[in-house]
Amino acid sequence: MSKLAPLYLERVFQFAELDPQEHREKWDELEDHLLSSIEAEKQAGLGDEEATLKAIRKMGHPQVIGSRLSRPWRWLDVRATGTARGFVAIGPKAVGVIAFGGYARGFIAIGGLSIGVISNGGLGIGLFSWSGLSLALISYGGLALGGVTWGGLSAGILSQGGFVTALVSRGGGEVHSFYKSMAAAPEWIQSFAVLEKVMYWVNVYSPVLLGLYVVVVLACIILQNLHNKRWNKTSTESWLMD
């Protein structure tokens with residue numbers, strides 16, 4: 001077997017960061033796949049070195065393959081590619097208690113698409129969402145849909161905003177509501193009145209919440225940039241795919 005195959009696998013696992021047991025299992029799995037691919041290339045008429053290089057190129061860059069391998073849950077996981085998993089997860093895709101990424105899932109999720117109890121981003125889905133397009137029980141955004149909503153275009157059970165469509169409106173620009181007041185609404189709608197306290201709390205403390213949000217986002221961006229610089233430096237040391 002060409003010496004390139006084990007060198008390639010070593011590079012892959014530099015990016016994987018697995019625990020010893022998983023390292024052995026994943027190594028055996030990838031090695032079997034790579035050797036099978038090399039054997040197929042040899043049967044097609046290629047020499048040992050040429051077959052190995054072609055099989056390696058087909059498998060992919062060590063950085064990409066290594067990043068796809070699962071690794072233990074961490075307190076802080078920052079990824080340049082793949083899915084970050086941890087209490088604080090930062091990456092293109094992120095899963096965690098606090099998740100920041102293009103696609104984020106967690107208790108607090110911030111991203112292009114965010115799904116969580118508290119979500120923020122381009123599209124936010126959750127219990128409380130503050131996003132461009134927000135879909136939640138308590139929803140705030142450019143387009144807010146849900147139970148209690150407020151935003152540019154707001155639609156829900158209790159709503160306020162620029163353009164409002166709701167069962168009961170709490171004020172806004174152009175308003176369309178089914179009931180003129182909470183007292184005139186059915187009891188199940190009146191039960192949502194308690195959530196108005198949340199709206200009041202968010203409005204009053206919005207500068208503080210915005211400040212905390214900015215701090216969290218900046219911290220995540222800084223961590224991601226620092227990690228990406230280290231990642232890119234390490235990646236350029238791989239000669240196998242150049």
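In this structure a side-chain-to-backbone donor-acceptor pair under 3.5 Å is missing from T83 to K93. A donor-acceptor pair is defined here as one N or O able to donate and one able to accept, closer than 3.5 Å; such a pair exists between the side chain of N120 and the backbone of W130.
Put simply, CD1 on I90 and CG on L76 are 5.5 Å apart, with the number rounded to the nearest 0.5 Å. The structure places OG of S129 at 10.5 Å from CD1 of I115, a figure rounded to the nearest 0.5 Å. Here the CD1-NZ distance, from I38 to K54, works out to 13.0 Å after rounding to the nearest 0.5 Å.
Cluster annotation: I118 and L123 are assigned to distinct hydrophobic clusters (Ile/Leu/Val/Met/Phe/Trp/Tyr, side-chain heavy-atom contacts under 4.5 Å, transitive). By the criterion of side-chain heavy atoms lying less than 4.5 angstrom apart, applied directly or through intervening Ile, Leu, Val, Met, Phe, Trp or Tyr residues, V216 is grouped together with V88 in one hydrophobic cluster. There is no path of hydrophobic side-chain contacts, each under 4.5 Å, that joins V215 to F87. Residues W150 and V208 are members of separate hydrophobic clusters, defined by side-chain heavy-atom contacts under 4.5 angstrom among Ile, Leu, Val, Met, Phe, Trp and Tyr. No continuous path of ILVMFWY side-chain contacts below 4.5 Å connects L127 to L212, so the two sit in separate hydrophobic clusters.
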Side-chain donor/acceptor pairs under 3.5 Å, residues 137-148, sequence neighbours excluded:
from : atom 1 : to   : atom 2 : distance (Å)
S139 : OG     : S134 : O      : 3.0
S139 : OG     : S134 : OG     : 2.7
S139 : OG     : L145 : N      : 3.4
S139 : OG     : L145 : O      : 3.3

Pairs of donor and acceptor atoms involving the side chains of residues 98-113, under 3.5 Å and at least two apart or interchain, shall be tabulated with distances.
from : atom 1 : to   : atom 2 : distance (Å)
Y103 : OH     : R105 : NE     : 3.4

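The ring pair (Phe, Tyr, Trp, His ring centres under 6.0 Å) contacts involving residues 27-53 comprise F13-W27, H23-W27, where partners must be two or more places apart or lie in separate chains.
Across L223 and V78, no two heavy atoms sit closer than the pair O-CG1, 4.0 Å. Residues D77 and R79 come closest through the heavy atom pair OD1-CD, 3.5 Å. Taking every heavy atom of both residues into account, P92 and Q224 meet most closely at N-NE2, 4.4 Å. Contact record, T149 with S159: OG1-OG, 2.7 Å, taken as the closest heavy-atom pair. Taking each heavy atom of T52 and L4 in turn, the nearest pair found is CG2-CB, 3.8 Å. In this structure, A94 and A89 approach most closely via the heavy-atom pair CB-O, 3.5 Å.
Between L34 and E31, every side-chain heavy-atom pair lies at or beyond the 4.5 Å cut-off.
The pair K58-E41 counts as a salt bridge, with a side-chain nitrogen and a carboxylate oxygen less than 4.0 angstrom apart.
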